[in-house]
Amino acid sequence: MVDDYRQMWQEIGLDLDAHDGLLAVLPPLYGEVIIGQEKRPARMAYFDEFFSEIHGRRIKELVGEKARGGSVVGTFCTYVPEEIILALGASAIGLCGGADVAGEEVEKYLPRNLCPLIKSSLGFKLAKICPYTELADILIGETTCDGKKKYYEILGEHKDVYVMELPQKKNEGDRALWRDEVASLSVVLEELTGHELEPDKLREAVGVVNDKRRALLRLAEVRKADPPVISGKDALLISQMAFFDEPRRFANKVNELCGELEKRTAAGEGVAEKGAPRILMSGCPMAIPNWKLPHIVESSGAVVVIEELCTGTRYYENLVDDSAESVDGLLDAIADRYLDIDCAVFTPNEPRIENVLRLASDYRVDGVIYYALMYCAPYSVESYKVRREVESAGVPLLYVETDYGRADTAQLSTRVNAFLEMIKGC
Ligand code: BJ8
């Protein structure tokens, strides 16, 4: 891939030497963590191929779209409505970082004790190794946690950034504020793209994104099977790719995979033994290539059967009501759908706890692994109430706080193994 795309990468503005360093690390990691799994569904081939070309063919497509007058919009949060971006003829790409990059350089701007997702996102920009970041015409931030909010001020010195104000409560006034923010984003994107939002195009975009979410919901549904028909790592990978791929093609490929998985279910074929410990992963998002914890869990004989993460149910649950005829009516429906997401930055946030309990029951999980990124105050603080309610429901919970490094891998393995032994003994 490298030779074919070098000129394109240079024109986009990548630092080719630094980018070569990334390319030397990612494929072997993918081989070890993803390709190395047994009994993978044949239809995962599309996603493997997509990953192998994630800095190649997909970037070439986006470069082509831009040459034809299109735009690329980078996002960092599941609250940014991609329907609006799509309706204006632009492509939405999720840019949260999932690897330690340019650590020393990043710490010239950000404190050492800050969430690794934020540091990584800045690292990819400073190191100039993410073609999506370089290609983006605008980055959309949001006032979620304090770290992100302040980081966008710094990122704005390197790239055009627009920040949406996300309320922290969900009362009437908050809903009105959020609805205004959705309208303001539309104006910003109309100016960027040179297009005006039209009802037909917006309704079509709502349908496209709903179809993508329906496909992911279908995938989630087949994961209720015992034995599990797909690994948690493969399912997570698909959720991660939902932020990069063209949405119609992506939905088709997920649906094709689901067809295969439904046949597997009927035949009783699984990726693990029937009765293998079933885990619900709950907490902070896992951005590519952050597969550390699921890899540890699944290498220990358990299977992650559902993720209550932004790279999981928080991304694909709830659809936008597409019945409105006008742009205003559709924006109302979009604002409502997105404000239903239950990120830990909200207070109170009881719906998230109810969701975790519902998922634990629907997926008949044997345990919950609560995943907090180091220094993430919203998710680590909220773990207290989640643990209390989950354990009251009779489900064991393991709290894990970690970063993107490998230094704690052995210690995490020991803790996960002890947790799984405890589950088996229950
Ligand atoms: S909707 S989870 S994508 S804000 S992990 S940066 S909260 S300190 S990523 Fe998030 Fe939107 Fe919420 Fe989802 Fe801050 Fe925590 Fe870091 Fe986080």
Side-chain angles (χ1 to χ4, degrees), residues 74-82 92-101 106 109-125 139-155 161 163-170 174 178 181-182 185 213 216 236 239-240 242-244 281-288 290 292-293 307-318 335 337-347 349 351-353 355-356 370-384 386 399-405:
T75 66
F76 295 93
C77 182
T78 48
Y79 282 99
V80 179
E82 55 188 276
I93 302 288
L95 293 177
C96 291
D100 273 334
V101 169
V106 168
Y109 297 84
L110 297 172
R112 193 171 58 81
N113 296 348
L114 188 75
C115 157
L117 185 146
I118 301 173
K119 293 171 82 173
S120 169
S121 303
L122 183 63
F124 275 99
K125 175 67 201 111
L139 306 178
I140 311 295
E142 42 4 270
T143 57
T144 46
C145 66
D146 287 350
K148 270 177 143 186
K149 193 160 59 194
K150 300 307 289 180
Y151 144 73
Y152 293 132
E153 294 175 16
I154 296 166
L155 187 62
V161 175
V163 177
M164 297 183 80
E165 182 168 357
L166 185 77
Q168 313 277 279
K169 298 177 81 175
K170 296 185 182 176
D174 304 303
W178 176 240
E181 286 297 305
V182 169
L185 175 73
R213 294 199 166 104
L216 290 165
L236 172 63
S239 288
Q240 291 169 332
F243 293 88
F244 291 90
M281 192 74 77
S282 170
C284 294
M286 293 180 178
I288 289 178
N290 177 15
K292 181 166 85 171
L293 191 55
E307 299 81 15
E308 191 272 323
L309 311 174
C310 281
T311 42
T313 56
R314 279 204 297 278
Y315 176 71
Y316 54 72
E317 284 197 322
N318 302 326
R337 184 267 162 197
Y338 279 83
L339 204 59
D340 273 349
I341 300 171
D342 47 17
C343 174
V345 296
F346 277 88
T347 185
N349 200 27
R352 175 165 177 245
I353 297 167
N355 257 336
V356 174
Y370 194 100
Y371 163 75
L373 275 170
M374 205 94 83
Y375 312 115
C376 171
Y379 281 90
S380 57
V381 174
E382 196 156 277
S383 71
Y384 165 76
V386 175
Y399 176 82
V400 170
E401 199 170 284
T402 185
D403 58 14
Y404 292 164

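The structure presented is a predicted model; accordingly, all values stated were derived computationally and were not measured. Counting starts at 1 for both ligands and their atoms, in listed order.
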Sorted by chain and number, sequence neighbours left out, salt bridge (Lys or Arg N to Asp or Glu O under 4.0 Å) with Asp174 holds for none
Atoms of ligand 1 under 4.0 Å from any heavy atom of Cys310, numbered from 1 in the order shown, are 1 (S), 2 (S), 3 (S), 13 (Fe)
To the nearest 0.5 Å, atom OG of Ser383 lies from atom OH of Tyr371 at 14.0 Å
query: Would you call the rings of Trp178 and Tyr79 parallel, tilted or perpendicular if under 30° counts as parallel and over 60° as perpendicular?
result: perpendicular
**Prompt:** Under 4.0 angstrom from ligand 1, any heavy atom of Ile341?
**Reply:** no
Here the gap from Met286 atom CE to Leu309 atom CG, rounded to the nearest 0.5 Å, amounts to 5.5 Å
Nearest non-hydrogen protein atom to atom 12 (Fe) of ligand 1, with distance, is Cys343 SG, 2.3 Å
Looking only at protein heavy atoms, what sits closest to atom 9 (S) of ligand 1 is Pro285 CG, 3.5 Å
Numbered in order shown, the ligand 1 atoms found under 4.0 Å of a heavy atom of Tyr79 are 1 (S)
Count of protein N, O or S atoms below 2.8 Å from atom 16 (Fe) of ligand 1 equals 1
Item checked: Parallel, tilted or perpendicular: rings of Tyr151 and Phe76 (30°, 60°) -> perpendicular
### Query
Protein heavy atom under 4.0 angstrom of atom 17 (Fe) of ligand 1, is there one?
no
For Thr144, the ligand 1 atoms with a heavy-atom partner under 4.0 Å come out as 4 (S)
dist Leu117:CG -> Asn290:CG (nearest 0.5 Å) comes out at 8.5 Å
Could Asp340 and Arg337 be called an ion pair, given the rule that one side-chain N must be under 4.0 Å from one carboxylate O? no
When Lys169, Gln168, Glu382 are each screened for side-chain hydrogen bond (donor to acceptor under 3.5 Å, both in side chains) with Asn349, the one that passes is Glu382
Working for side-chain contact (heavy atoms from CB on, under 4.5 Å), residues Glu82 and Thr75: CA-CA 9 Å; Glu82 55 188 276; Thr75 66; over 6 Å; no
Atom 11 (Fe) of ligand 1 has as its nearest protein heavy atom Cys77 SG, 2.3 Å
### Message
Checking Asn355 against Glu308: is there a side-chain donor and acceptor pair closer than 3.5 Å?
### Response
no
